[in-house]
Undergrad: 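Before I ask anything, let me first share the structure, which is written out below as structure tokens.
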Amino acid sequence: MSKSSKKIFGMNIGSSSMLLIFIVLCLVSFAALSIVSANADRRLSQKIADRTTAYYEACNDAEKSLAGIDRVLREQYDSSSDHEAYFQAVGHSKAYAIPISDTQTLYVEIEILYPENDEDTFYHISSWQVITE
């Protein structure tokens, strides 16, 4: 047999096979990056939801405290004879803090008012802010 008639069977990797391997590797890499990114977004969303829930729970507690203060101010107003006696009993301002988390506190400060008629309020909220410690 001559050299020219001898057939050699081998594995020839062509450029199309190399391109296909490269594309598959790229798709696997992008899929892994997508999973990591989606997981990080989920964790961040959960943190934000937890912080928002904690803030609104603190706001609800602050509103409950304001309702109690309003009730006490009404009782003092009804039992006081004039401005002086009223302010001597309740003071001119009050402040309190409601914890939101280990590092944040909702700080509420009110200015106490003496209502001139029945539609007036007993206080004015002068500060409602989150303080980070």
Side-chain angles (χ1 to χ4, degrees):
M1 226 175 173
S2 70
K3 279 187 157 182
S4 61
S5 64
K6 194 177 188 185
K7 293 191 178 186
I8 301 173
F9 293 101
M11 193 165 122
N12 293 329
I13 297 177
S15 59
S16 62
S17 297
M18 293 293 277
L19 182 63
L20 182 64
I21 291 170
F22 178 72
I23 289 173
V24 169
L25 287 174
C26 287
L27 289 175
V28 168
S29 299
F30 289 143
L33 288 173
S34 296
I35 289 171
V36 169
S37 176
N39 191 26
D41 287 346
R42 182 190 58 78
R43 281 187 274 127
L44 179 62
S45 296
Q46 187 62 46
K47 279 184 183 179
I48 290 171
D50 292 343
R51 286 182 184 167
T52 303
T53 301
Y55 171 75
Y56 283 113
E57 285 175 356
C59 286
N60 287 340
D61 292 343
E63 290 288 344
K64 288 176 187 176
S65 296
L66 279 176
I69 290 171
D70 194 46
R71 191 172 30 259
V72 169
L73 292 175
R74 166 61 74 184
E75 291 169 0
Q76 287 297 324
Y77 176 77
D78 291 339
S79 65
S80 297
S81 57
D82 61 353
H83 284 79
E84 293 291 325
Y86 174 75
F87 283 119
Q88 189 173 16
V90 297
H92 289 280
S93 66
K94 297 280 183 209
Y96 57 95
I98 307 287
I100 297 174
S101 67
D102 294 339
T103 59
Q104 290 183 325
T105 303
L106 178 64
Y107 177 75
V108 179
E109 186 175 349
I110 61 171
E111 176 187 351
I112 297 175
L113 306 173
Y114 186 83
E116 298 298 327
N117 56 42
D118 290 338
E119 288 101 29
D120 289 346
T121 60
F122 291 102
Y123 60 88
H124 168 74
I125 299 173
S126 56
S127 177
W128 186 286
Q129 62 184 1
V130 175
I131 298 174
T132 303
E133 301 168 353

Undergrad: Is any side-chain heavy atom of L66 closer than 4.5 Å to a side-chain heavy atom of I125?
TA: yes

Undergrad: Using 0.5 Å steps for rounding, measure from the CZ atom of F22 to the CG atom of L27.
TA: 10.0 Å

Undergrad: Please say yes or no: joined through hydrophobic side-chain contacts below 4.5 Å, possibly via intermediate residues, are Y96 and I131 part of one cluster?
TA: no

Undergrad: Counting only heavy atoms not in E84, do more than 12 fall under 6.0 Å of its CD?
TA: no

Undergrad: Within a strict 4.5 Å, meaning less than it, do heavy atoms of the Q104 and T132 side chains meet?
TA: yes

Undergrad: Of all the heavy-atom pairs spanning I98 and S65, show the shortest one and how long it is.
TA: CD1-OG, 4.4 Å

Undergrad: Counting only heavy atoms not in N39 (residues, nucleotides, ligands), do more than 12 fall under 6.0 Å from its CG?
TA: yes

Undergrad: Nearest 0.5 Å, please: how far is OG in S16 from CD1 in I21?
TA: 9.5 Å

Undergrad: Could you pull out the closest heavy-atom pair between Y107 and A95, with the gap in Å?
TA: OH-CB, 3.5 Å

Undergrad: Do you know the tightest heavy-atom contact between A89 and Q76?
TA: CB-OE1, 3.1 Å

Undergrad: Say you draw a straight line from CD1 of I112 to OG of S93; how long is it, rounded to the nearest 0.5 Å?
TA: 6.5 Å

Undergrad: What is the distance from atom CD of E109 to atom NE2 of H124, rounded to the nearest 0.5 Å?
TA: 10.0 Å

Undergrad: Rounded to the nearest 0.5 Å, how far apart are CG of L106 and CD of Q129?
TA: 9.0 Å

Undergrad: Would a distance-only check, ignoring hydrogens and angles, find a side-chain to backbone donor-acceptor pair under 3.5 Å from D70 to L73?
TA: no

Undergrad: Is the count of non-hydrogen atoms from other residues, nucleotides or ligands lying under 6.0 Å from Y56 atom OH greater than 12?
TA: no

Undergrad: Can you see which heavy atom on A62 is nearest to which on W128, and at what distance?
TA: CB-CH2, 3.5 Å

Undergrad: Any non-hydrogen side-chain atom of F122 less than 4.5 Å from a side-chain atom of I69?
TA: no

Undergrad: Quick one: closest heavy-atom pair of P99 and A58, and the distance?
TA: O-CB, 4.2 Å

Undergrad: Is a side-chain donor-acceptor pair under 3.5 Å present for T105 with E133?
TA: yes

Undergrad: About how many Å separate OH of Y86 and OG of S81, when rounded to the nearest 0.5 Å?
TA: 13.5 Å

Undergrad: If you compare all heavy atoms of F87 against all heavy atoms of L113, which two are closest, and at what distance to 0.1 Å?
TA: CZ-C, 4.1 Å

